[in-house]
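All chains are named by letter (A, B, ...) in the order of the sequence lines, taking the proteins before the strands, and each is independently numbered beginning at 1.
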There are 2 protein chains.
Amino acid sequence: MKKKLSLSAASPRAKAEHGTSLLTAFREIRELIVHGRLSPGTWILEAELAERLNMSRTPVRGAIHWLQREGYILEHRNVKKSRMIVAPLTKEDANELYIIIGRLEGIAGRGVAVLPVAERKELCAQLQELNDRLQVISKDRDAPPGEIFENDRSFHRLIIKYGAGARMTTLHKAIEPQTERYWRLYASSIIKDLYLSVAEHDEVIRGILAGDPDRVETGLQVNWLKGSERLGHVIEIFGERGSW
Amino acid sequence: MKKKLSLSAASPRAKAEHGTSLLTAFREIRELIVHGRLSPGTWILEAELAERLNMSRTPVRGAIHWLQREGYILEHRNVKKSRMIVAPLTKEDANELYIIIGRLEGIAGRGVAVLPVAERKELCAQLQELNDRLQVISKDRDAPPGEIFENDRSFHRLIIKYGAGARMTTLHKAIEPQTERYWRLYASSIIKDLYLSVAEHDEVIRGILAGDPDRVETGLQVNWLKGSERLGHVIEIFGERGSW
DNA sequence: TCGTTTTAGAATGTATTCAAAATAGTCGAC
DNA sequence: GTCGACTATTTTGAATACATTCTAAAACGA
């Protein structure tokens, strides 16, 4: 069915630079998953991906384990062998994911709330600018979904950058990107609720300016919780993807 | 310096069972790190570990990446190559770690607080039993530290088991074990404050029985926060390990 | 025709080999 | 004597080769 010989004959193996294959594989495969090119629930074949990415199984294998640890891939393990599948997208998982991120960012939120006033003002200026942009976009029916997502993401990443320590930053970088899968699948429907998120962001900014850790933490938790609820409605309507 | 030939000559390579090397490597190396056999800050050499564990570099390599993702190993990366070092133990890191776990367990705490009464009672009976045992141990000067740690751990893991979803459970399993490094290093000094933790656990149990999510979440957060503070004092006194 | 057993193929796990890059050490020039 | 460049060794990254196990299909028997 699949011509085995094509590999040695057709692909000269471009050899990117050396030392970049693992990272490349990780990014590429994650991209495939996020964009739905690898459907939720799909079985993952190392050899197939290796051929697709034009590299050997070794870095692909590493990337798969990495993606597994970050939640993009699940392990269906028998006694010794393990089959990997693309993690399904479910309402429960989305809810859990959003709650977790809300709590984590809440911690960073406490961090920024106790920064010196000067830094807080500087940060809030940037946050405000991002949120203003979101406000504008929210009134534009034809706004590109990608820009909205990146904008919202920047808002939250700024808070991490200013308020989180090394460990939190690492953890956040591992978990937060997973929201993109849900976002992309249900993007069009989420947009119309965008103004709600803008208001929640405003509350966070005010909390930071007031230097109130509890208010900031709560504000961020609420933002993600409400987001989870909005997303949940959409998933219920459209049905879950990845239970196939 | 290091005899290269010894590998093929001396080690018959026991070959555990096949398909178990990666997991074995992960566990063994983590054990080495947790028990301080690999000191914080030490450079990690794949070949050395492979020889030590009597396997090839391949599973060792996988295990190292895994441990890196879980925070036991850090990457000291130049442009392209990456040197791995055992993660140092610092006051700041401990604080961050404990706060994070507190927030995560808090979520699970909300979960158990809304379980049906029957399950809550069943759970609380088990929790109470564990905490009673801790209470007894806390009055025993010569109590084995290992038992205390395992007992405390069981308490928290029970809450996760009953109140957390799949994603939370995975995340908790990845993060919580890292507390053991701090615990082991400063165990003797922490024990004398154990009665405080027992009281905090009691508050959690009462919150669960009352079916009050906020109370349970706060209780767990406080337990970890106070633990972080207690640990911080000890670290300050003894000095940080791993800045060598 | 259905069930069981055996065998062939496919996919994962591990070892080994090969390549590239960084670091350390040495030699030479100023 | 010191600084810099070049070389050699060490170590990581990737590819390929090999072993094992799981799956599934086919054949044989009831």
What is the distance, rounded to the nearest whole Å, between atom CD1 of B:Ile85 and atom C1' of D:dT11? 17 Å
Measure the distance from CD on B:Glu48 to C1' on D:dT12 and round it to the nearest whole Å. 15 Å
Could you give me the CA-CA distance, side-chain angles and deciding distance for B:Leu130 and B:Asp152, then say whether side-chain contact (heavy atoms from CB on, under 4.5 Å) is met? CA-CA 8 Å; B:Leu130 288 168; B:Asp152 185 70; over 6 Å; no
Should the pair A:Arg167-B:Glu96 be classified as a salt bridge under the 4.0 Å nitrogen-to-oxygen rule? no
Could you tell me the separation between the CZ atom of A:Arg83 and the P atom of D:dT21, rounded to a whole number of Å? 16 Å
Go through the steps to decide whether B:Trp43 and B:His76 satisfy the test ring pair (Phe, Tyr, Trp, His ring centres under 6.0 Å), and finish with yes or no. CA-CA 10 Å; B:Trp43 284 19; B:His76 209 55; 7.5 Å; no
I need the single residue from A:Ile64, A:Leu45, A:Leu74, A:Leu67 that forms a side chain to side chain contact (heavy atoms under 4.5 Å, CB included) with A:Met84. Which is it? A:Ile64
Salt-bridged, A:Glu147 to A:Arg133, with N to O below 4.0 Å? yes
Of D:dT12, D:dA14, C:dT14, the nucleotide closest to the side chain of A:Ser56 is D:dA14
Residue pairs passing the salt bridge (Lys or Arg N to Asp or Glu O under 4.0 Å) test with at least one member in residues 172-183 of chain A, sequence neighbours excluded, are A:Arg153-A:Glu176, A:Arg153-A:Glu180, A:Glu180-A:Arg184
Provide, to the nearest angstrom, the distance between the CE atom belonging to A:Met55 and the P atom belonging to C:dA20. 16 Å
Length of the CD-C1' vector between B:Glu51 and C:dT16, whole Å: 16 Å
In whole angstrom, what separates B:Trp43's CH2 from C:dT23's C1'? 8 Å
Please report the distance, rounded to the nearest Å, between CD in A:Glu46 and C1' in D:dT20. 14 Å
Could you check which of C:dT14, D:dT11, D:dG13 has an atom nearest any side-chain atom of B:Leu45? D:dT11
CE of A:Met84 versus C1' of C:dA11: gap in Å, rounded? 13 Å
Check each residue of residues 57-68 of chain A for a non-hydrogen atom within less than 4.0 Å of any atom in DNA chain C, then write out the ones that pass by number, or none. A:Arg57, A:Arg61
